[in-house]
Amino acid sequence: MAPLNSLEKEYPLIDSNFQIFCASHAIYSVEDFLLHDIDALFTSATNCSSSQKLNQGIHQLLSIIDALHPPLLNGLQLVEDARQNKHVFSTGCQGIDALIGGGLRVGQLTELVGPSSSGKTQVCLMSASTVAKHNCSVIYLDTGNSFSPQRVAHFIGQSSDYVSGNQNVLDRIICYPVFDVYQMFDLLHQLKNNLRSKIGKSDRHVKLLIVDSISSLITPILRGSGPQGHTLMISAGFLLKQLAHEHNITVLVTNHVVGGDDGNSKPALGESWKSVPHVRLLLSRDCGGKVCNMSIIKHPAMFHFE
């Protein structure tokens, strides 16, 4: 979402004094504002000499946010939206599709969790290939130089020869090398703007967004950066889920594992992140490394006891 200083021209209440007030609470953007305790902000504004104008500014921001949100839907409308728009895309693997109820569901964020070489990127490439075959575009954010056109070519049915039909499938997979979280935000905001304004020939038909891996971008900002790193992580999750829901996109991300207090491995990014994905799948390999195992950590169709 927009930085506050970009709103001043259109919304005079978001002036320099209001921005200074917000900056004193580490609020520099609409996303920062959303993550802040609004009641505490009103209380703080009341104690300032220009309390009336500051309170008006807070109300102005809330109005801006309300205008950005889609209208609320009742239960019947949600069911109809799910029936018409929230279908599934096959991952390209019958076993995975059967495990998760048919495939990757549109409007949801699915997370693949596992150690290195457990098959996370393999599933991403296979899913990208399968979705691209259905005349849909795929955005692939590659954070570790793991995207392989040769493996994609193999999945779409060719070895090393690039024939015309399969070349078109490859052209529908748009890969961006991404090496920090700020670059990811830039690309996601660009995609959101293109989808809203219906510009960008390839973006109009995007049905799958892959981030491989989300943890390699977020983990560095969580180390020693205090609350800012946590805020960026939650903002990233919010933005990915917003893209999925509002534009009927399937979002697929990968995450690594870390050692838990009990000695067992657990998904990285901590407790706050675990509520972000709609679906979490754990991947592992047997001792020989030839068989990939997958189990469900979290799924909307499952009961969870915290």
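The chain is numbered in sequence order, starting from 1. As the structure is a prediction and not an experimental result, all values here were calculated from the model.
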- Are any side-chain N or O atoms of Lys241 and backbone N or O atoms of Gln108, one a donor and one an acceptor, separated by less than 3.5 Å? no
- Would you mind reporting whether Phe21 and Ser44 have side-chain heavy atoms less than 4.5 Å apart? yes
- Task: Find out if a path of hydrophobic residues (ILVMFWY) with successive side-chain heavy-atom gaps under 4.5 Å connects Tyr182 to Met233.
- Result: yes
- Query: Are Met184 and Tyr176 close enough that some pair of their side-chain heavy atoms sits under 4.5 Å apart?
  - Reply: no
- Task: Look only at the side chain of Lys120 and the backbone of Gly114, and say whether a donor-acceptor pair between them is shorter than 3.5 Å.
- Result: yes
- Task: Output the distance between atom CG (Leu41) and atom CG (Leu54), rounded to the nearest 0.5 Å.
- Result: 8.5 Å
- Message: Measuring from atom CG of Leu4 to atom CG of Leu7, what distance do you get when rounded to the nearest 0.5 angstrom?
- Response: 6.0 Å
- Query: Under 4.5 Å between any side-chain heavy atoms of Pro300 and Val279, yes or no?
  - Reply: yes
- Item | His59 atom NE2, neighbour heavy-atom count above 12 within 6.0 Å | yes
- Task: Classify the side-chain pair Ser146/Asp142 by whether it contains a donor and acceptor separated by less than 3.5 Å.
- Result: yes
- Message: Whether the Ser216 and Ser213 side chains hold a donor-acceptor pair (N or O, under 3.5 Å, no angle test) is what I'd like checked.
- Response: yes
- The side chain to side chain donor-acceptor pair (under 3.5 Å) partners of Asn17 (sequence neighbours excluded) come to none
- Check the hydrophobic clustering (I, L, V, M, F, W, Y; side-chain heavy atoms under 4.5 Å; chains of links allowed) and say if Phe18 and Leu13 are grouped together. no
- Message: When you compare the side chains of His230 and Ser272, does any donor N or O come within less than 3.5 Å of an acceptor on the partner?
- Response: yes
- Query: Looking only at atom types and distance, does a side-chain atom of Arg105 sit under 3.5 Å from a main-chain N or O of Val88, one as donor and one as acceptor?
  - Reply: no
- Message: Do Lys192 and Leu239 make a side-chain contact, defined as non-hydrogen atoms from C-beta onward lying under 4.5 Å apart?
- Response: yes
- Can any side-chain N or O of Gln183 pair as donor or acceptor with the backbone N or O of Phe179 at less than 3.5 Å? yes
- Separation of Gln190 CD from Ile139 CD1 (nearest 0.5 Å): 9.0 Å
- Message: Using side-chain heavy atoms (C-beta onward) and a distance below 4.5 Å, is His205 in contact with Ser137?
- Response: yes
- Between the OG1 atom in Thr121 and the CG atom in Asp212, the distance rounded to the nearest 0.5 Å is 3.5 Å
- Item | 4.5 Å side-chain heavy-atom contact, Ile296 and His299 | yes
- Message: Any side-chain to backbone donor/acceptor pair from Thr46 onto Phe42? Under 3.5 Å, distance only.
- Response: yes
- Find out if a path of hydrophobic residues (ILVMFWY) with successive side-chain heavy-atom gaps under 4.5 Å connects Val258 to Ile297. no
- For the pair Gln19 (side chain) and Ile14 (backbone), establish whether a donor and an acceptor sit closer than 3.5 Å, ignoring hydrogens and angles. yes
- Where the side chain of Ser215 meets the backbone of Ala268, is there a donor-acceptor pair that is under 3.5 Å apart? no
- Mind checking what makes side chain to side chain contact (heavy atoms under 4.5 Å, CB included) contact with Leu240, not counting sequence neighbours? Leu109, Leu188, Leu209, Val211, Ile214, Val251, Val253
- Task: Tell me whether the centres of the aromatic rings in His25 and Phe33 are closer together than 6.0 Å.
- Result: no
- Message: Taking the side chain as everything from C-beta on, heavy atoms only, tell me whether Leu222 gets closer than 4.5 Å to Leu269.
- Response: yes
- Query: Hey, are the side chains of Leu208 and Tyr140 touching, using non-hydrogen atoms and a 4.5 Å cut-off?
  - Reply: no
- Query: So, Asn47 side chain and Thr43 main chain: donor-acceptor pair closer than 3.5 Å or not?
  - Reply: yes
- Message: Under the salt bridge (Lys or Arg N to Asp or Glu O under 4.0 Å) definition, can you give me all pairs with a residue in residues 45-64, not counting sequence neighbours?
- Response: Asp15-Lys53
- Item | Pairwise distance OG(Ser275) to NE2(His278) - rounded to 0.5 angstrom | 10.5 Å
- Check for a donor-acceptor pair, side chain of His134 on one end and backbone N or O of Thr130 on the other, with a separation under 3.5 Å. yes
